[in-house]
Amino acid sequence: KVNYLSDYQPPNFAIGSVYLEFDLQPLATRVTNRMLLTRMAAGALHLDGENLQLISVTLDGLEVTNQCLIDENGLQLMTDKDQFELVVVTEIAPQSNTALEGLYRTSNNYCTQCEAEGFRKITYYLDRPDVLSVFTTKIIADKSENRYLLANGNMVESGDLADGKHYAVWLDPHKKPCYLFALVAGNLEKITDTYTTVEGREVRLEIFVEPRNIDKCDHAMQSLKRSMQWDEQRFGLIYDLDIYMIVAVDDFNMGAMENKGLNVFNSKFVLAQPATATDVDYEGIEAVIGHEYFHNWTGNRVTCRDWFQLTLKEGLTVFRDQEFTADMLSPSVKRIEDVKRLRSNQFPEDAGPMAHPIQPQSYIEMNNFYTMTVYEKGAEVVRLYHTLLGESGFQKGMQLYFARHDGQAVTVQDFRQAMADANAVDLAQMHNWYVQSGTPHLQVTAEYYPETKTFTLTCKQSQPQTKDFVPLLLPIGFGMLDQHGQPLILEPTFESAAHVELRSNTHAILRMTQLEQKFTFMDVSSPPVPSLLRGFSAPVKLHFEYSNADLALLAAADEDSFVRWEAMQTLLLRTIQSKVSALQSGSELALSNEVLDVAKALLEDEQLDAALVAMTLSLPELGYIGEQYQEVDVDAIYQAHHWLESQLAHGLQSQWLAAYQRCQNNGPYQYDKIQIAQRMLKNVALSYLGALPENQALVASQYQLQQNMTDVLAALRIMLVHQHAAAQDAMQDFYQRWQEDNLVVDKWFALQAQTQNAQAVETLAVLLQHSDFSLKNPNRVRSLLGVFSRLNLVGFHRADGKGYQMVSEQICLLDALNPQIAARLLAPFTHWKRYDVKRQSLMRAALQEILQREGVSKDVYEIASKSLA
Ligand code: ARG
Ligand code: ZN
């Protein structure tokens with residue numbers, strides 16, 4: 001069944017309050033659901049429900065079980081009453097729930113995941129985000145096995161019962177849709193802390209984990225406190241309950257979930273110690289803790305009318321968490337990281353068969369639309385408002401949004417209207433970003449007129465895959481440099497001035513609203529080099545014919561760190577592309593001095609931010625290189641990448657070594673901007689050095705030092721990639737050391753899954769048989785199968801199709817257990833059009849086989865069928 005945005009109808013019943021009682025048993029949990037219903041419109045009452053065993057239905061005290069029509073989607077009941085109490089009793093088996101949606105078990109604990117439509121697997125209900133209700137939850141369970149009984153809101157009652165049971169009652173005073181419901185029970189341990197709000201109210205903070213992980217919660221707790229403070233300071237948003245709980249579980253489909261007052265997290269985004277977690281992990285934890293916390297206002301207090309509005313809460317909350325990380329660490333580093341992520345993961349999605357606008361217009365399975373597009377491109381679109389309105393204008397818009405919509409379930413239009421009204425501007429054109437899919441192209445040409453000393457940019461926007469493409473409101477961050485790299489003062493002509501917003505003498509936002517538009521600047525004494533799309537001011541593909549010399553100039557001198565990074569990356573990308581052509585035509589290629597010179601200058605300048613240098617000199621990712629081609633030549637790209645790496649390693653060996661030594665720090669690990677930057681540059685340097693056989697001992701010694709996981713993992717990866725003599729022993733040692741720590745074992749799997757060599761598929765086969773591999777744990781599946789199929793181009797795309805075959809077999813097995821995760825693993829197959837005809841037919845055959853599997857889930861069906869259509 002396909003759901004369409006255009007079919008939206010308001011609910012015909014409201015649920016004033018709901019009282020839930022859970023009698024927890026692994027195989028037979030009884031759920032009693034008492035609802036106060038009020039009619040809003042004519043028609044039968046339809047409640048959503050799936051995989052439930054119905055025990056009874058009672059209407060105002062009268063049993064009506066036999067009057068209910070039950071099918072696989074729910075329950076229907078005819079009644080003339082306008083207001084009544086309905087009590088529905090059902091039974092479920094959390095222990096057999098491998099889909100990890102609804103109520104399930106993980107490491108002998110109970111937990112729930114209801115977003116998007118999981119509540120209907122717990123009880124019959126109006127499972128839609130525009131039905132808001134006050135929830136009271138009573139949990140009854142065996143006491144020795146369930147020390148803690150948790151639900152949303154505040155605990156209002158608890159006590160012991162007969163037969164070794166106990167109970168707790170929780171009341172959440174805030175009205176909420178059922179996707180924010182949560183229940184957790186089990187023998188967990190907790191750390192506690194407090195946070196005092198700006199209003200002086202004390203909030204109790206609790207993080208619950210399995211007992212063996214209790215020493216890995218500090219960073220998460222600090223992150224939570226920083227999130228609370230940041231949201232007060234930057235957005236003026238204060239927490240609204242007396243307690244905030246976070247529970248970490250090992251089996252979780254996604255990153256985390258913002259259930260009101262009781263977040264449930266994938267343990268990957270909670271647990272950290274310097275010895276077990278990398279800088280990237282630490283940053284991920286801080287970001288996800290922030291993200292879920294920020295949802296309390298953008299998502300929970302103001303929620304979505306329907307699931308087509310998902311980007312309303314996700315795009316906005318990702319934008320907020322990006323800004324949080326930027327403020328905690330380095331804004332320019334964070335911006336570049338986010339752009340890389342968008343380009344390597346969202347751009348391909350936007351170019352493939354699953355392309356959808358940030359507001360999808362239809363879906364079969366909503367879980368398939370928790371995508372890079374809805375989240376990350378959605379955040380880019382929110383950033384457009386911020387770029388157009390500035391920080392203070394954006395904050396005015398946010399204030400109006402909350403003033404108007406607190407306690408409501410609203411749409412992306414409501415958000416835009418608040419932004420527009422608060423600033424008295426017309427933002428209607430922003431709508432086009434929500435309804436058109438595909439990455440827009442921005443084609444820029446420039447003309448210099450010496451007679452008038454003017455400089456004209458001609459900008460064209462287009463989206464080849466979108467028919468009847470309508471122009472987007474597109475802000476272009478802009479500046480100009482002279483031939484010596486000096487910034488030029490911006491003087492727009494009278495006609496251009498209306499569309500040029502000067503942010504300083506040398507920086508402007510060009511406001512593009514038409515398919516084609518010209519911007520002219522005066523008093524330009526010689527042909528300038530334009531600096532375009534500063535800060536990556538819009539999620540587009542920019543085309544401008546820069547010479548290599550222009551790029552070198554921008555890389556060295558532009559005032560915008562994104563443009564500097566981008567210029568160098570373009571130089572590197574061009575070099576790789578030339579090498580790809582050379583390999584394809586069997587000709588030779590030498591590395592140009594230009595590339596080497598700019599790289600050398602960056603590396604020798606000790607004044608520069610080490611993190612920016614590290615990112616600037618890292619090679620573009622294979623996936624992003626592939627993106628540049630209609631047809632991806634896997635082997636040539638891999639070889640060209642490899643070639644450039646060793647050229648830079650050779651050409652700058654002494655500079656790499658100097659940078660490596662300069663960035664050494666023997667003090668204790670700290671998660672701060674300076675140390676992170678040092679480790680980043682140090683490990684980029686080491687990865688170049690490790691490409692040369694003479695540096696094997698250096699890499700091995702970094703592994704042996706065991707200073708922190710960032711350094712250990714970097715060394716290990718380099719040893720594996722370059723097949724150092726000590727690689728296998730180190731991998732053994734690593735496994736021995738950490739085999740009890742699931743998150744570290746995930747890293748051990750992922751490292752091997754991504755190593756590209758002739759035996760990659762055989763390695764995968766061995767790992768699939770490993771006693772620590774399990775299809776039941778999503779993190780493990782992602783670290784082996786997800787990493788292999790996304791990052792191991794050589795292995796996954798092996799010419800004989802063995803890579804495809806091995807992954808698709810696992811997808812079929814997984815679909816029977818956990819359809820959500822199975823569907824996600826399909827993504828690499830959906831891009832079959834990008835490969836040669838032989839691989840195309842192998843990939844299509846795999847998709848067809850998956851599609852024809854008996855009992856295929858709707859999750860997998862939707863993606864496989866759409867990508868074959
Ligand atoms: N709302 C959660 C977040 O972004 C994601 C949960 C989605 N889960 C799912 N199964 N679709 O933080
Ligand atoms: Zn979210």
Side-chain angles (χ1 to χ4, degrees), residues 3 50 97-104 106 111-122 127-129 152 176-182 223-224 227 231 246-249 251-266 268-270 284-304 306-325 358 360 363-379 382 778-779 781-782 818-825 857-860 862-863:
N3 300 283
E50 281 173 24
N97 181 351
T98 56
L100 314 185
E101 191 185 42
L103 177 66
Y104 65 95
T106 164
C111 87
T112 54
Q113 171 57 38
C114 295
E115 189 180 2
E117 300 178 325
F119 194 73
R120 62 187 64 188
K121 295 180 166 183
I122 294 175
D127 188 359
R128 43 188 291 167
N152 317 86
K176 66 168 177 287
C178 63
Y179 82 87
L180 291 172
F181 170 80
S223 301
L224 176 58
S227 306
D231 216 12
I246 289 175
V247 181
V249 300
D251 303 286
F252 201 76
N253 282 346
M254 310 275 282
M257 181 63 213
E258 69 265 23
N259 317 303
K260 184 82 190 188
L262 177 56
N263 293 176
V264 178
F265 271 64
N266 186 325
K268 178 178 164 54
F269 293 111
V270 173
I285 290 167
E286 188 177 59
V288 178
I289 296 257
H291 180 97
E292 307 311 330
Y293 176 74
F294 305 144
H295 266 316
N296 189 54
W297 280 94
T298 50
N300 302 3
R301 290 288 290 251
V302 181
T303 194
C304 302
D306 53 69
W307 290 120
F308 298 102
Q309 319 297 328
L310 181 60
T311 200
L312 170 72
K313 76 176 176 80
E314 295 303 346
L316 178 54
T317 306
V318 171
F319 170 76
R320 275 154 51 70
D321 85 52
Q322 290 177 348
E323 289 296 291
F324 171 57
T325 302
I358 61 170
Y363 64 82
I364 295 176
E365 170 52 60
M366 187 54 210
N367 284 324
N368 284 334
F369 288 85
Y370 286 72
T371 57
M372 290 299 293
T373 299
V374 168
Y375 275 63
E376 315 297 316
K377 186 177 181 179
V382 172
N779 287 355
V781 169
R782 280 185 279 260
N818 188 333
Q820 250 183 72
I821 302 295
R824 283 188 181 255
L825 278 185
S857 66
K858 59 178 181 170
D859 310 56
V860 163
E862 176 167 40
I863 294 187

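Whatever order the structure lists them in is the order used to number ligands and atoms, beginning at 1. Nothing here was measured: the structure is a model prediction, and the numbers come from that model.
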Report the nearest protein non-hydrogen atom to [atom]: residue, atom name, distance rounded to 0.1 Å.
atom: atom 2 (C) of ligand 1; value: Glu258 OE1, 3.3 Å
atom: atom 11 (N) of ligand 1; value: Asn367 OD1, 2.9 Å
atom: atom 10 (N) of ligand 1; value: Gln820 OE1, 2.9 Å
atom: atom 8 (N) of ligand 1; value: Met254 CG, 3.3 Å
atom: atom 5 (C) of ligand 1; value: Tyr375 OH, 3.3 Å

So, Glu115 and Lys313, do they make that salt bridge, N to O below 4.0 Å?
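Salt bridge present between Glu115 and Lys313.
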N or O contact, Glu115 vs ligand 1, cut-off under 3.5 Å
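Between Glu115 and ligand 1, an N or O pair is found under 3.5 Å apart.
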Geometric N/O contact Asn253 with ligand 1, under 3.5 angstrom:
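It does not: no N or O of Asn253 is found under 3.5 Å from an N or O of ligand 1.
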What atoms of ligand 1 come closer than 4.0 angstrom to any heavy atom of [X]?
X: Met257; result: 1 (N), 2 (C), 6 (C)
X: Tyr370; result: 7 (C), 11 (N)
X: Gln113; result: 8 (N)
X: His291; result: 3 (C), 4 (O), 12 (O)

Give a yes or no on whether the ring-centroid distance for Phe308 and Phe369 is below 6.0 angstrom.
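No, ring centres 6.0 Å or more apart.
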Side chains of [X] and [Y], heavy atoms from C-beta outward: is any pair under 4.5 Å?
X: Asn368; Y: Arg824; value: no
X: His291; Y: Val318; value: yes
X: Phe294; Y: Phe324; value: yes

One residue to check: Glu292. Relative to ligand 1, which of side chain, backbone, both or neither has a non-hydrogen atom less than 4.0 Å away?
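It is the side chain that touches ligand 1; the backbone stays farther off.
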Lys313 contact mode with ligand 1 (heavy-atom cut-off under 4.0 Å):
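Just the side chain.
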Check for a donor-acceptor pair, side chain of Asn259 on one end and backbone N or O of Ala182 on the other, with a separation under 3.5 Å.
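No, the answer is negative, given that no donor and acceptor are paired below the 3.5 Å cut-off.
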Donor-acceptor pair, side chain of Asn266 and main chain of Met254, under 3.5 angstrom
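Yes.
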What do the steps show when you test Asn296 against Glu258 for side-chain contact (heavy atoms from CB on, under 4.5 Å), and what is the final call?
CA-CA 7 Å; Asn296 189 54; Glu258 69 265 23; over 6 Å; no
Vertex the Zn ion (ligand 2): angle to NE2 of His295 and OE1 of Glu314, to 10°?
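Taking the Zn ion (ligand 2) as the apex, the two atoms subtend 100°.
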Pair Tyr370, Glu314: side-chain N/O donor-acceptor within cut-off below 3.5 Å:
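No.
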